[in-house]
Amino acid sequence: QVQLVESGGGSVQAGGSLRLSCVTSGYTILRRCMAWFRQAPGKEREGVAAIYTSSSGDDLTYYNTSVKGRFTISQDNSKNTVYLQMNSLKPEDTAMYYCAAIITCSTRFDPDGIRYWGQGTQVTVSS
């Protein structure tokens, strides 16, 4: 049984930082595309960042323009864990954040291309 379990969400003030973690079980993330999505109240779910690590250890990363330069996605293959380091947080970053296993990074932010979802972790940024 595949499980993706997120943690690390919370409430911070604008300008603060949070680090989200996504631990997978029953699913190896090496050479698989993994991503973070988010959904704010009343809005559609959107892709935030994606990562693919090759067998040689090279990372390919992709970012939504709204978070580029502030968020960093990474993964630890030995722990089957994906991270999202979020710096310089803004109130508009407030959302439920979801970890996702993607079928292919070529359609990384397409919700139809999701293999598995996590249950989400809430991030709230106050001004």
Side-chain angles (χ1 to χ4, degrees):
Q1 182 181 358
V2 175
Q3 285 190 310
L4 281 63
V5 180
E6 302 97 330
S7 63
S11 297
V12 295
Q13 291 191 327
S17 298
L18 284 173
R19 188 194 196 202
L20 306 184
S21 299
C22 170
V23 180
T24 71
S25 58
Y27 192 82
T28 301
I29 64 175
L30 180 63
R31 297 195 304 276
R32 298 272 182 85
C33 189
M34 299 295 296
W36 287 95
F37 283 72
R38 66 185 180 186
Q39 187 167 20
K43 295 189 176 181
E44 292 187 354
R45 194 171 295 191
E46 64 172 357
V48 175
I51 186 169
Y52 175 88
T53 299
S54 69
S55 55
S56 63
D58 296 326
D59 287 342
L60 293 174
T61 56
Y62 309 89
Y63 295 95
N64 186 309
T65 54
S66 65
V67 306
K68 201 167 186 178
R70 301 187 298 122
F71 290 11
T72 302
I73 189 171
S74 61
Q75 63 184 48
D76 185 333
N77 297 310
S78 66
K79 298 180 180 179
N80 266 342
T81 301
V82 184
Y83 303 99
L84 185 68
Q85 178 66 44
M86 305 186 296
N87 298 328
S88 302
L89 283 162
K90 304 176 181 179
E92 51 263 43
D93 295 318
T94 295
M96 184 72 79
Y97 282 71
Y98 298 90
C99 178
I102 310 296
I103 295 173
T104 170
C105 268
S106 62
T107 56
R108 50 197 169 270
F109 294 154
D110 181 353
D112 291 336
I114 308 303
R115 197 188 300 268
Y116 302 106
W117 288 105
Q119 85 289 349
T121 185
Q122 178 68 39
V123 171
T124 303
V125 185
S126 58
S127 57

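One-based numbering along the sequence shown. Note that these values count all heavy atoms, side chains included, but never hydrogens, waters or copies made by symmetry. Bear in mind that the values here come from a model prediction, so they are computed numbers and not experimental data.
The closest donor-acceptor contact from the side chain of Arg32 to the backbone of Ile29 lies at 3.5 Å or more, if one exists at all. With hydrogens and angles disregarded, a donor-acceptor distance shorter than 3.5 Å links the side chain of Thr94 to the backbone of Val125. Of the possible donor and acceptor atoms, one in the side chain of Glu6 sits under 3.5 Å from a partner among the backbone N and O of Gln119. Between the side chain of Thr24 and the main chain of Asn80, a donor-acceptor pair closer than 3.5 Å is present.
Residue Tyr27 is grouped with residue Ile51 when hydrophobic side chains (ILVMFWY) are merged at heavy-atom distances under 4.5 angstrom, including chains of intermediate members. A single hydrophobic cluster is seen to contain both Val123 and Phe71, as judged by linkage of ILVMFWY side chains at heavy-atom distances under 4.5 Å, directly or through other members. Tyr83 and Met96 fall into different hydrophobic clusters, defined by Ile, Leu, Val, Met, Phe, Trp and Tyr side-chain heavy atoms under 4.5 Å apart, directly or through other members. Residues Phe37 and Val2 fall into different hydrophobic clusters, defined by Ile, Leu, Val, Met, Phe, Trp and Tyr side chains chained together at heavy-atom separations under 4.5 Å.
With sequence neighbours excluded, the residues forming a side chain to side chain donor-acceptor pair (under 3.5 Å) with Asn64 are Ser66, listed by chain and number. With sequence neighbours excluded, no residue satisfies salt bridge (charged side-chain N to carboxylate O under 4.0 Å, His left out) with Glu92. Scored by the side chain to side chain donor-acceptor pair (under 3.5 Å) test, Thr53 finds Asp59, Gln75 as partners (sequence neighbours excluded). In terms of the side chain to side chain donor-acceptor pair (under 3.5 Å) criterion, residue partners of Thr104 (sequence neighbours excluded) are, by chain and number, Ser106. Every side chain to side chain donor-acceptor pair (under 3.5 Å) that Ser54 has, sequence neighbours left out, goes to Ser56. By the salt bridge (charged side-chain N to carboxylate O under 4.0 Å, His left out) test, Arg115 is found to be paired with no residue, residues two or more places apart in sequence or in another chain being considered.
Considering all non-hydrogen atoms of both residues, Phe109 and Tyr63 come closest at CE1-C, 4.1 Å. Of all non-hydrogen atoms in Ala101 and Leu4, the two that sit nearest each other are N-CD2, 3.7 Å. Counting all heavy atoms, side chain and backbone alike, Tyr52 lies closest to Cys33 at CD1-N, 4.0 Å. Taking each heavy atom of Gly9 and Leu20 in turn, the nearest pair found is N-CD2, 3.6 Å. Here the closest non-hydrogen pair linking Leu18 and Gly8 is CD2-O, 3.8 Å. Scanning all heavy atoms of the two residues, the minimum distance from Asp93 to Arg38 falls at OD1-NH1, 2.9 Å.
Tested against Met34 for a side chain to side chain contact (heavy atoms under 4.5 Å, CB included), the candidates Ile102, Val82, Ile73 yield a single pass: Val82.
Taking the six-membered ring for Trp and thresholds of 30 and 60 degrees, Trp117 and Tyr98 have ring planes more than 60 degrees apart, a perpendicular arrangement.
Side-chain contact between Met86 and Val12: absent, with no pair of heavy atoms (C-beta onward) separated by less than 4.5 Å.
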